[in-house]
*Asks:* 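This is the structure, below, for whatever I ask next.
Numbering starts at 1 and runs along the sequence shown. Atoms within each ligand, like the ligands themselves, are counted from 1 in listed order. The structure presented is a predicted model; accordingly, all values stated were derived computationally and were not measured.
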Amino acid sequence: MSDQAVNILLIEDNPLHAKLVVRLIEGEPQLRCTLQSAETLADGLAILHAGGIDLVLLDLVLPDSQELETFFRVHTAAPEVPVVILTAMDDLKLAATAVEAGASAFLVKSSLNAVALGRAIRYTLARARAHTAEWDSPMLRLAQQQFLKAAQIMGLDDNIRQRLLFPQRTQVVTFPFFRDDRAQVETVFGYRVQHVLTMGPTKGGVRYHEDVDLGEVAALATWMTWKCALMNLPYGGAKGGVRVDPTVLSSNELQRLTRRYTAEIIEFIGPDKDIPAPDMGTNEQVMAWMMDTYSQQVGYTVPTVVTGKPVVLGGSLGRREATGRGLVYMIEAAARHTGLDLNGAPAVVQGFGNVGSFTAKFLEEAGAKVIAVSDVSTGLYNPNGLSIRSLMDYVAENRVLKDYPEADHLTNAELLETKCDVLALAALQNQVTAENADRIDCKILAEGANGPTSLEADETLNEKGIMIVPDVLGNAGGVTVSYFEWVQGTQNLTWTLDEINGRLKQIMLDAFDRTVARAAKDGIDMRTAALVEGVQRVTEAKLLRGVFP
Ligand code: GLU
């Protein structure tokens with residue numbers, strides 16, 4: 001469902017060498033690669049022409065093509081696909097010339113091992129992305145299209161429109177961290193993007209995921225701006241990220257990565273500047289390390305530099321569950337609005353991380369029957385309702401839902417198309433698209449993830465009369481309780497859980513009511529209405545502050 005495999009094309013005529021590569025890749029599940037093989041250049045080019053290949057592993061000496069000619073023909077067929085040369089020891093010079101001519105790297109076959117191959121693949125893809133795709137992300141296109149649609153409907157001043165389209169500040173860093181063997185140093189890309197500085201400090205999570213790039217972080221920062229403005233929080237939007245797969249790192253590796261990332265962006269963040277929080281792939285522990293690293297640098301403890309910390313370090317009660325809780329408040333409000341009785345209503349939750357698991361739990365508590373859930377490992381289905389307590393216990397022990405016994409298994413596509421009343425999307429972006437939107441069979445679609453629905457899909461869902469609770473409204477519970485955490489921290493207050501949940505509910509219901517009213521008044525869909533509400537507030541503030549100098 002989530003983590004896309006890397007599609008590798010191996011063009012190699014020597015069966016022994018081909019077998020070795022297949023064995024290394026298959027033995028390295030962390031790489032998450034799928035491999036297609038060809039023994040001749042002609043067969044390789046045919047696969048390449050069919051599309052979908054992310055990287056080519058290429059032997060330059062093939063039955064139907066020799067030496068540099070082989071590289072040039074592959075490179076011309078797909079200039080954007082990076083090529084790693086597989087070379088014999090006595091052909092090193094040729095391989096080096098191919099690298100000069102545009103190949104990404106070469107690997108010597110006689111010393112090929114899983115570590116070398118894995119690193120070559122990871123770094124080649126990272127480089128290709130740095131060269132071509134940092135800003136060019138589907139998520140940024142989506143965030144900008146959504147904004148432009150709202151701007152069009154509001155008749156937004158063109159000066160403001162241009163100002164809000166791209167983030168105000170972006171920081172791109174690369175930094176190293178030691179793997180546990182103390183032999184390998186990984187160098188990774190990190191980002192912190194601040195979209196709008198007009199409203200106060202900037203605010204937003206930090207994401208660790210192997211697909212993170214500048215465009216994705218910029219899109220997420222943009223959504224944070226609209227989300228904070230819609231909730232009337234005194235923040236502009238920000239987001240951070242590191243392009244790394246955290247699931248393959250040990251806790252020590254994660255700690256070293258987090259501390260170095262924090263050190264790299266330290267000038268950018270601060271309790272009055274920009275306040276990070278958890279997002280996908282990060283958690284309370286990561287926030288504790290960030291807070292500690294920042295505090296060590298300034299020389300005293302600064303709990304308010306991050307939110308989503310452990311409670312014992314100044315975190316807020318209710319923050320851990322806040323995004324799921326807020327989403328269920330919004331589902332309840334949407335159900336009241338559409339006249340749906342949640343009692344016994346079949347519900348499906350995509351994603352079983354922090355947001356998905358708490359969404360499922362609170363949906364169950366609200367009386368809904370959660371019939372399907374999923375995570376990156378599998379989907380589970382039980383028409384009589386799943387026990388969320390038991391699923392949470394299972395995940396606490398086994399990390400993922402795979403092999404959970406008391407349910408049928410289903411694919412991500414099947415899960416999304418399962419007939420239900422409430423579909424909560426709490427996994428990744430880009431899940432409901434033009435391709436599957438007409439098969440979505442629910443009454444309320446609630447977005448816990450950021451950007452899970454494409455613009456084309458929105459149109460289809462709206463035509464079908466599905467009530468959408470858009471991400472900037474649906475998942476705003478997280479940043480709202482982050483705001484409570486920051487307020488408590490800056491004023492040395494401690495609020496009770498009831499106070500926190502009560503305030504959260506009040507703020508979110510107010511935003512829901514304003515969104516519904518705006519949608520009705522302007523005859524627009526819920527997402528556009530939520531964005532118009534947010535953009536309006538930011539616009540007003542920008543006009544009042546004026547342009548410096
Ligand atoms: N990462 C969360 C979001 O996307 C929370 C951000 C925060 O608490 O600052 O809304």
*Asks:* Take the angle between the ring planes of Y483 and W486 and call it parallel below 30°, perpendicular above 60°, tilted in between.
*Replies:* tilted

*Asks:* Is a donor from one side chain sitting under 3.5 angstrom from an acceptor on the other, for T307 and K203?
*Replies:* yes

*Asks:* Go through the structure and list residues passing ring-ring contact (aromatic ring centres under 6.0 Å, His included) with Y329, not counting sequence neighbours.
*Replies:* none

*Asks:* Within a reach of under 6.0 Å around NZ of K542, are more than 12 heavy atoms found that belong to other residues, nucleotides or ligands?
*Replies:* yes

*Asks:* Return yes if a side-chain donor-acceptor contact under 3.5 Å exists between R319 and S482, otherwise no.
*Replies:* yes

*Asks:* Write down, by chain and number, every protein residue that brings a non-hydrogen atom to less than 4.0 Å from an atom of ligand 1.
*Replies:* K203, G204, G205, M224, K227, K239, A277, P278, D279, R319, N450, G478, V479, S482

*Asks:* Classify the ring geometry of H195 against W226: parallel below 30°, tilted from 30° to 60°, perpendicular beyond 60°.
*Replies:* perpendicular

